[in-house]
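Let me begin by presenting the structure, written as structure tokens, before commenting on it.
Note that the structure is predicted; figures quoted are calculated from it, not measured.
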Protein chains: 2
Amino acid sequence: MSWQPAFTQGHTRDRTNQFIGQLRRVSCPLPETLEFLQRLCREPRRVCAKSDIVLSGTPSAYLHIVLSGWACRTRTLADGRRQITAFLLSGDICDLDNVFFDPPGESVSALTECEVAAIPKARLRDLARRDADFAEALGWFAAHDKVVLGARIASLGQRPAQERIAHLLCELITRLRARGEANGDSCRVPLTQEQLGEALGLTTVHVNRVLQGLRADNVVVRDGDRLTILDWEGLQAIGCFSPTYLHLPGRTHSQPIA
Amino acid sequence: MSWQPAFTQGHTRDRTNQFIGQLRRVSCPLPETLEFLQRLCREPRRVCAKSDIVLSGTPSAYLHIVLSGWACRTRTLADGRRQITAFLLSGDICDLDNVFFDPPGESVSALTECEVAAIPKARLRDLARRDADFAEALGWFAAHDKVVLGARIASLGQRPAQERIAHLLCELITRLRARGEANGDSCRVPLTQEQLGEALGLTTVHVNRVLQGLRADNVVVRDGDRLTILDWEGLQAIGCFSPTYLHLPGRTHSQPIA
DNA sequence: CGTCCGATTGATGGGACTCAAGATTTGTGG
DNA sequence: CCACAAATCTTGAGTCCCATCAATCGGACG
């Protein structure tokens with residue numbers, strides 16, 4: 001498995017750190033806070049694909065942040081069925097709620113090889129106490145997660161399969177674009193159809209058929225783990241997607257729905 | 001509409017305030033913080049049933065807290081379909097994420113007559129800056145919401161209608177019990193089948209039939225807005241419900257699943 | 001070259017939706 | 001206090017979306 005994180009630029013200094021970037025975008029943490037976090041990010045843990053970053057039910061003293069690669073939060077029901085509750089991209093916090101609730105109720109698994117930063121929870125709390133701006137940023141992250149979860153609930157509850165898939169693809173592409181990990185209308189989406197199904201509450205078989213439908217209509221094409229949008233307007237329309245709820249910075253190559 | 005909040009006790013001092021109670025349970029805010037909040041709670045806004053507490057898309061300078069009554073967060077899709085993303089009971093914060101994201105993406109509507117406290121966001125931020133414990137409590141609330149949302153996603157994605165309904169009923173009863181708003185195995189659940197459907201991604205008709213099935217199996221009975229559990233163990237088993245994720249205090253009259 | 005994993009295809013069945021009508025409850029005004 | 005209106009609940013018949021089961025195909029890899 002040769003996954004290569006797609007960095008926008010290859011600076012000689014710290015390469016683009018999405019987490020620190022977001023942090024600074026939503027608040028003004030103290031220099032010492034940033035420095036501490038940056039130091040931690042400089043020696044990330046390498047996690048290989050398909051292994052767990054956080055294991056539900058197992059207490060953990062760390063908060064985890066994805067620096068590169070793809071991961072997902074999963075919840076396993078008593079009968080073994082799995083639900084993916086979120087996809088985590090570079091800069092996303094894995095288990096913010098577990099700062100308060102230990103052991104975690106959800107697992108986090110790497111979908112590709114990942115670089116993960118681990119912050120001791122005790123230090124994090126300390127940081128938040130000392131630095132109100134940082135605390136506020138954490139609140140922002142939590143609120144952001146809540147919004148995205150709410151959107152997913154609406155999708156699962158109200159939308160038929162095709163719309164649901166289209167919406168998820170729109171969301172992923174938009175988030176990738178904001179990170180500079182998409183080239184125009186094409187990007188890597190290293191998800192199997194089974195994983196898409198687990199996130200959307202659909203079976204692999206049905207995901208496959210719907211995806212073929214979208215392809216037949218010249219909306220999207222998947223070739224391996226490369227996803228190409230042929231008709232961005234169309235995909236948005238099918239998924240009733242409006243990127244505003246993601247609260248991302250700058251251009252996301254999309255117009256608000258009139 | 002003669003809805004009467006069911007208070008556990010009729011103290012002469014402040015009557016039981018679930019919000020303040022929870023706040024103190026999860027952290028130790030400064031006395032002045034508590035006093036400020038208590039003062040606000042003492043003159044709540046009265047909101048009549050079916051009216052909006054928060055209107056999606058309309059900026060609001062206040063954070064809202066349900067002091068008594070039932071409310072729900074809803075999200076309306078472009079085509080008009082509605083999804084209820086959460087039911088809000090006494091002490092629950094309506095729109096915590098909108099402290100960061102204005103205007104709100106979700107509406108909050110009163111399902112019964114409600115008493116609602118409104119805290120100016122600016123004051124709230126101020127409070128959180130001054131009082132790290134209070135800030136931490138807010139984090140707790142946000143994390144808690146996230147956990148509950150995650151559980152609902154798993155329900156919507158993986159469970160068939162009967163399990164989904166059973167799970168939601170278990171959740172509601174457990175939360176009511178923790179508030180002292182349930183008498184033994186019976187409590188008021190002022191929800192229409194349509195509203196249950198909107199929360200569960202099911203049609204009214206189907207909710208009705210499943211509910212009848214649960215009744216035929218002597219699991220639960222609904223009489224008007226009164227819900228009575230005939231077989232608590234059975235209901236939990238059907239819904240694969242384990243109350244731990246709700247992180248409620250004390251007795252919830254339930255055993256962890258072995 | 002055989003194995004494994006993921007994508008694909010087909011046939012079949014069922015859970016949930018839709019449509020439509022009636023019953024029951026709740027609310028309202030005279 | 002009754003009559004009427006409006007919700008809400010209930011029931012039935014028909015349909016469809018999506019799940020299930022089962023097999024095949026293709027590529028990656030040791």
Side-chain angles (χ1 to χ4, degrees), chain A residues 1-3 48-51 70 77 79-84 109 111-113 155-166 168 188-216 220-227 238, chain B residues 1-3 48-51 70 77 79-84 109 111-113 155-166 168 188-216 220-227 238:
Chain A
M1 191 116 299
S2 66
W3 159 262
C48 51
K50 293 178 193 175
S51 60
W70 285 57
L77 303 187
D79 60 353
R81 301 196 72 168
R82 236 172 52 127
Q83 172 72 35
I84 293 178
S109 310
L111 295 171
T112 67
E113 193 188 7
S155 252
L156 287 171
Q158 303 298 135
R159 289 198 248 261
Q162 198 195 35
E163 297 180 22
R164 233 183 281 177
I165 292 180
L168 178 59
R188 280 193 136 174
V189 177
L191 301 175
T192 65
Q193 295 181 353
E194 183 181 13
Q195 286 156 353
L196 283 172
E198 284 175 339
L200 295 166
L202 301 169
T203 56
T204 311
V205 175
H206 201 240
V207 169
N208 181 295
R209 290 199 237 262
V210 172
L211 240 26
Q212 283 181 58
L214 289 176
R215 188 213 167 130
V220 293
V221 182
R222 273 181 103 239
D223 181 24
D225 59 3
R226 175 142 237 92
L227 181 76
I238 293 170
Chain B
M1 188 117 297
S2 68
W3 159 264
C48 53
K50 294 175 192 178
S51 60
W70 285 58
L77 302 187
D79 60 353
R81 300 195 72 169
R82 235 171 55 126
Q83 173 72 35
I84 293 178
S109 311
L111 295 171
T112 68
E113 193 188 6
S155 253
L156 288 170
Q158 303 299 134
R159 288 199 248 262
Q162 198 195 35
E163 296 180 22
R164 231 183 282 178
I165 291 179
L168 177 58
R188 279 193 137 173
V189 177
L191 301 176
T192 66
Q193 296 182 353
E194 184 181 14
Q195 286 156 354
L196 283 173
E198 284 175 337
L200 295 166
L202 301 169
T203 56
T204 311
V205 175
H206 202 238
V207 169
N208 181 293
R209 290 198 236 264
V210 172
L211 239 26
Q212 282 180 59
L214 289 175
R215 166 175 199 166
V220 293
V221 183
R222 272 181 103 239
D223 181 25
D225 59 4
R226 182 151 284 289
L227 182 76
I238 293 170

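- At distances below 3.5 Å, at least one donor-acceptor pair connects side-chain atoms of B:Thr112 with backbone N or O atoms of B:Trp70.
- Partners of B:Glu163 under the side chain to side chain contact (heavy atoms under 4.5 Å, CB included) rule, at least two apart in sequence or in another chain, are B:Arg159, B:Pro160, B:Cys240.
- If one axis is set at each end of the helix from C:dC1-D:dG30 to C:dA21-D:dT10 from five pairs, those axes are 40° apart, to 10°.
- Put simply, CD on B:Glu194 is 21 Å from P on C:dT24, counting in whole angstrom units.
- Residue B:Asn208 places at least one side-chain N or O under 4.0 Å from the OP1 or OP2 atom of D:dT10.
- Atom-to-atom, NE2 of A:His206 to C1' of C:dT9 comes out at 14 Å; the value is rounded to the nearest Å.
- Summarising the geometry, the separation between CZ on A:Arg81 and P on D:dT20 is reported as 6 Å, rounded to the nearest angstrom.
- Summarising the geometry, the separation between CD on B:Gln162 and P on C:dG14 is reported as 17 Å, rounded to the nearest angstrom.
- Remark: B:Gln193 is in phosphate contact with D:dT10, judged by side-chain N or O atoms under 4.0 Å from OP1 or OP2.
- For A:Arg209, the salt bridge (charged side-chain N to carboxylate O under 4.0 Å, His left out) criterion is met by no residue, not counting sequence neighbours.
- In this model, the phosphate group of C:dA16 is not approached by any side-chain N or O of B:Thr203 to a distance below 4.0 Å at OP1 or OP2.
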Please tabulate the protein-to-nucleotide N/O contacts below 3.5 Å involving nucleotides 19-21 of chain C, giving atom names and distances.
none

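- Taking every side-chain heavy atom of B:Lys50 into account, D:dT8 is the closest of D:dT8, D:dC18, C:dA16.
- Looking at residues two or more places apart in sequence or on another chain, you find no side chain to side chain contact (heavy atoms under 4.5 Å, CB included) involving B:Asp223.
- Comparing C:dG6, D:dC18, C:dA16 by their nearest atom to the side chain of A:Pro160 picks out D:dC18.
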### Step-by-step side chain to side chain contact (heavy atoms under 4.5 Å, CB included) determination, B:Val220 to B:Arg215
CA-CA 5 Å; B:Val220 293; B:Arg215 166 175 199 166; 5.8 Å; no
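- In this model, the phosphate group of C:dT9 is approached by a side-chain N or O of A:Gln212 to a distance below 4.0 Å at OP1 or OP2.
- Put simply, the side chain of B:Asp225 does not reach to within 4.5 Å of the side chain of B:Val189, judged on heavy atoms.
- In this structure, CD of A:Gln158 is placed 13 Å from C1' of C:dC17, rounded to the nearest angstrom.
- Among the protein residues, B:Gly201 comes within range of the sugar-phosphate backbone only, with heavy atoms under 4.0 Å from sugar or phosphate atoms but none that close to a base.
- In this structure, A:Arg164 reaches neither bases nor backbone, as no heavy-atom distance under 4.0 Å exists between it and the strands shown.
- The CD-P distance, from A:Gln195 to C:dC5, rounds to 13 Å in whole Å.
- Following rounding to the nearest Å, A:Leu211 (CG) and C:dG6 (C1') show an atom-to-atom distance of 13 Å.
- Residues A:Leu77 and A:Gln83 have side chains not in contact (no heavy-atom distance under 4.5 Å, counting atoms from C-beta outward).
- Here the shortest heavy-atom pairing between B:Gln193 and B:Asn208 reads OE1-ND2, 3.0 Å.
- Looking at residues two or more places apart in sequence or on another chain, you find a salt bridge (charged side-chain N to carboxylate O under 4.0 Å, His left out) between B:Arg82 and B:Glu198.
- Regarding B:Arg159, its CZ atom lies at a distance of 13 Å from the P atom of C:dA16, rounded to whole Å.
- Panel note: side chain A:Arg188, backbone A:Arg226; no donor-acceptor pair is recorded below 3.5 Å.
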